[in-house]
Amino acid sequence: MFEPLNWPVKCFLSPNLSTETTATNRRRSRAKFTEDQLKILVNAFNQKPYPGYATKKRLASEINTEESRIQIWFQNRRARHRFQKRSEPEEDLKSSQDEDHHEEKIRSREDRRCRTSYTSSQLHTLIEAFMKNPYPGIDSREQLAKEIGVPESRVQIWFQNRRSRFHVQRKREPDEALEQRQDQGQDP
DNA sequence: ACCCTAACCTAATCAACGA
DNA sequence: TCGTTGATTAGGTTAGGGT
């Protein structure tokens with residue numbers, strides 16, 4: 001529904017995107033959790049649907065996967081859960097249930113992953129990659145991550161934030177200065 | 001063909017950090 | 001203290017793998 005391809009400037013005017021780009025835009029391969037892994041995840045979810053970073057790390061090592069997979073799994077699981085609730089909201093449970101969720105949410109707020117700070121050279125690399133392709137696939141992200149020495153999941157988040165803020169910025173500025181060459185002091 | 005769900009997306013918001 | 005920006009969320013879409 002959303003249009004990943006109406007970016008400004010020359011992002012896609014770049015000539016050599018064709019069959020090869022599809023390869024680099026590939027998604028990461030789907031994880032297939034075993035029953036045992038799933039049992040652990042579901043159990044953890046029932047206890048705390050909003051786990052903190054420490055919990056996610058612990059689960060990750062417990063079922064031998066990456067923390068980012070745990071994060072995605074919980075996101076998807078919560079979404080499914082909410083959807084089901086909307087289907088049949090009529091049950092005996094009442095208002096107190098909502099407050100419980102709020103509390104849980106607040107509690108998990110306590111430990112989040114500590115903010116990673118990028119050096120200017122790391123940012124330079126990221127920005128340059130962004131201008132070439134704002135939607136890098138798993139291969140590009142991993143290569144980039146290796147290059148600047150940061151986990152791939154952080155690269156993915158960086159691109160998400162960057163794209164999102166690009167959209168906001170464009171909304172604020174109607175259509176004037178569509179050639180604006182993107183702040184960020186870049187040197188020749 | 002269809003279903004389930006991991007992967008991925010945007011938009012809004014929380015919050016750490018530096019000027 | 002305030003703007004910038006990384007991290008997390010809700011909620012929706014895309015696509016891989018099984019039936």
Side-chain angles (χ1 to χ4, degrees), chain A residues 1-8 11 21-35 37-42 45 48-57 59-60 63-87 89 98 101-127 129-130 133-142 144-145 148-172 182-185:
Chain A
M1 209 46 170
F2 52 93
E3 64 294 61
L5 283 188
N6 66 353
W7 281 93
C11 292
T21 322
T22 55
T24 60
N25 276 0
R26 205 179 85 251
R27 293 183 165 207
R28 109 193 303 120
S29 56
R30 250 180 105 97
K32 35 194 178 188
F33 297 116
T34 68
E35 275 186 39
Q37 289 175 318
L38 231 42
K39 201 149 65 170
I40 290 172
L41 288 172
V42 170
F45 181 86
K48 206 200 290 183
Y50 294 88
Y53 179 61
T55 304
K56 282 183 264 187
K57 273 305 275 296
L59 284 169
I63 72 173
N64 192 29
T65 187
E66 298 167 18
E67 182 269 338
S68 60
R69 299 308 89 206
I70 303 288
Q71 172 133 344
I72 295 292
W73 188 86
F74 271 83
Q75 285 174 11
N76 284 325
R77 179 88 182 177
R78 284 196 300 264
R80 256 176 278 140
H81 219 249
R82 275 190 297 274
F83 184 72
Q84 259 183 308
K85 264 191 177 168
R86 262 184 299 175
S87 288
D98 285 295
H101 277 278
H102 276 273
E103 256 188 303
E104 279 178 288
K105 212 186 268 193
I106 288 168
R107 236 186 305 159
S108 72
R109 284 276 154 74
E110 288 167 17
D111 87 297
R112 42 166 63 193
R113 170 196 290 271
C114 34
R115 190 189 172 96
T116 61
S117 62
Y118 295 101
T119 69
S120 53
S121 81
Q122 285 174 321
L123 281 175
H124 181 81
T125 303
L126 287 169
I127 289 165
F130 182 87
N133 178 14
Y135 294 90
I138 181 62
D139 292 334
S140 309
R141 292 199 307 268
E142 231 140 40
L144 211 44
I148 67 176
V150 89
E152 180 273 333
S153 62
R154 300 307 87 204
V155 173
Q156 182 156 28
I157 294 299
W158 186 89
F159 273 83
Q160 283 178 10
N161 280 324
R162 184 88 182 171
R163 285 195 302 263
S164 200
R165 273 143 199 170
F166 224 86
H167 287 141
V168 171
Q169 185 188 346
R170 294 198 82 218
K171 268 183 200 161
R172 276 203 308 231
Q182 180 65 318
D183 42 47
Q184 251 61 261

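The basis for the numbers below is simple: all heavy atoms, side chains too, and nothing from hydrogens, waters or symmetry mates.
An OP1 or OP2 oxygen of B/dT5 is reached within less than 4.0 angstrom by no side-chain nitrogen or oxygen of A/Arg78. Within the structure, every side-chain polar atom (N or O) of A/Arg27 is placed at least 4.0 Å from both OP1 and OP2 of B/dA6. Residue A/Tyr135 places at least one side-chain N or O under 4.0 Å from the OP1 or OP2 atom of B/dT10. Within the 4.0 Å cut-off from OP1 or OP2 of C/dT5, not a single side-chain nitrogen or oxygen of A/Arg162 is found. Proximity of A/Ser117 to the phosphate of C/dT5: no side-chain N or O atom is located under 4.0 Å from OP1 or OP2. Close to B/dC9, at under 4.0 Å from its OP1 or OP2, lies a side-chain N or O of A/Gln156. OP1 or OP2 of B/dA6 sits under 4.0 Å from a side-chain N or O of A/Trp73.
Taking atom OH on A/Tyr53 and atom P on C/dT9, their separation rounds to 14 Å, with Å as the unit. Summarising the geometry, the separation between CD on A/Gln71 and P on C/dA7 is reported as 10 Å, rounded to the nearest angstrom. A/Ile138 has its CD1 atom 13 Å from the C1' atom of B/dA6, to the nearest Å. Following rounding to the nearest Å, A/Arg28 (CZ) and B/dA6 (C1') show an atom-to-atom distance of 10 Å. The nearest whole Å value for the distance from the CZ atom in A/Arg154 to the P atom in C/dT5 is 17 Å. Rounded to whole angstrom, the span from the CZ atom of A/Phe159 across to the C1' atom of C/dG6 amounts to 15 Å. Regarding A/Arg77, its CZ atom lies at a distance of 21 Å from the P atom of B/dC8, rounded to whole Å. The distance between atom CD of A/Gln160 and atom P of C/dT5, rounded to the nearest whole Å, is 17 Å.
Among B/dA15, B/dT10, B/dA6, the nucleotide with an atom closest to any side-chain atom of A/Arg112 is B/dA15. Nearest to the side-chain atoms of A/Ile72 among the listed nucleotides B/dA6, C/dG6, B/dA11 stands B/dA6. Checking B/dC9, C/dA7, C/dG12 against the side-chain heavy atoms of A/Asn76 singles out C/dG12 as nearest. The A/Arg115 side chain lies nearest to C/dT5 when the options are C/dT8, B/dC9, C/dT5. Out of C/dT9, C/dG11, B/dC4, the shortest distance to the side chain of A/Arg30 is found at B/dC4. The side chain of A/Leu123 lies closest to C/dG6, out of C/dT9, C/dG6, C/dT14.
Side-chain contact between A/Arg113 and A/Lys56 is absent, with no heavy-atom pair separated by less than 4.5 Å. A heavy-atom distance below 4.5 Å is found between the side chains of A/Val42 and A/Arg77. Using a 4.5 Å heavy-atom threshold, the side chains of A/Ile70 and A/Leu41 count as touching.
A donor-acceptor pair under 3.5 Å is absent between the side-chain atoms of A/Glu152 and the main chain of A/Ala145, judged by distance alone.
Between A/Leu123 and A/Trp158, the shortest heavy-atom contact is CD2-NE1, 3.7 Å.
Salt-bridge annotation for A/Lys57 and A/Glu67: absent, with no side-chain N of the basic residue lying under 4.0 Å from a carboxylate O of the acidic one.
Across the interface with DNA chain B, nearest-nucleotide mapping of A/Arg165 and A/Arg69 shows A/Arg69 to be the residue nearer the 5′ end.
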